[in-house]
Amino acid sequence: MANGDKIATMPQFVEVDGQLYQMTDTWVANDSVSTEEIARCRANNGIVFQTCITDTTNRMVHYEPVNGSGYAYNFTSFPYTANDAVVFGF
C-alpha cells in the first residue's frame, strides 16, 4: 500500500502536525511488544512509523523532534502512557 511503501523508504525527515521530525533509528520487530521496545518507540518524545515486511515482521522507523518538544505523551510511568491501560492492561 502507498503509506507502507513510503514508510519503507525511511525518509530522513517527516512533518506531523506542524512539527518536524528527523529519523534517528530503525529496526525490524516481530508482532509482540516489550517494555524496552515501547521505550525505544517513545524515546525523546519521538514517534514511530511501522510497516509490515512479512506476516510476522515489521519495519519500525523512529523519528525525534527537530527544534521542538515533539509528541506530547502523557506518561503515567515511563514508557507507559495514560492510554496504555486499554491497550496493554498496564
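- The neighbour count for Asn30 CG, taken as heavy atoms of other residues, nucleotides or ligands under 6.0 Å away, is above 12.
- Rounded to the nearest 0.5 Å, atoms SG (Cys52) and CE (Met1) are 10.5 Å apart.
- Counting all heavy atoms, side chain and backbone alike, Pro65 lies closest to Asn45 at CD-O, 3.9 Å.
- No hydrogens or angles considered: nothing links the side chains of Asn83 and Thr81 as a donor-acceptor pair under 3.5 Å.
- Residue pairs meeting the side chain to side chain donor-acceptor pair (under 3.5 Å) criterion with at least one member in residues 7-18: none, sequence neighbours excluded.
- A donor-acceptor pair under 3.5 Å is absent between the side-chain atoms of Ser77 and the main chain of Tyr80, judged by distance alone.
- Of the possible donor and acceptor atoms, none in the side chain of Glu64 sits under 3.5 Å from a partner among the backbone N and O of Gly70.
- Heavy-atom minimum distance, Asp84 versus Pro79: OD2-O, 3.9 Å.
- Through direct or relayed side-chain contacts under 4.5 Å between Ile, Leu, Val, Met, Phe, Trp and Tyr, Val14 connects to Ile7, Met10, Val16, Tyr21, Met23, Ile47, Phe49, Val61, Tyr63, Tyr71, Tyr73, Phe75, Phe78.
- The 12-atom threshold is not exceeded at CG of Asn3, counting heavy atoms of other residues, nucleotides or ligands nearer than 6.0 Å.
- Applying the side chain to side chain donor-acceptor pair (under 3.5 Å) definition to pairs two or more places apart or across chains, those involving residues 52-62 are Thr24-His62, Thr26-Arg59, Asp31-Asn58, Gln50-Asn58, Thr54-Thr57.
- Taking the side chain as every heavy atom from C-beta outward, Arg40 and Met60 never approach each other to under 4.5 Å.
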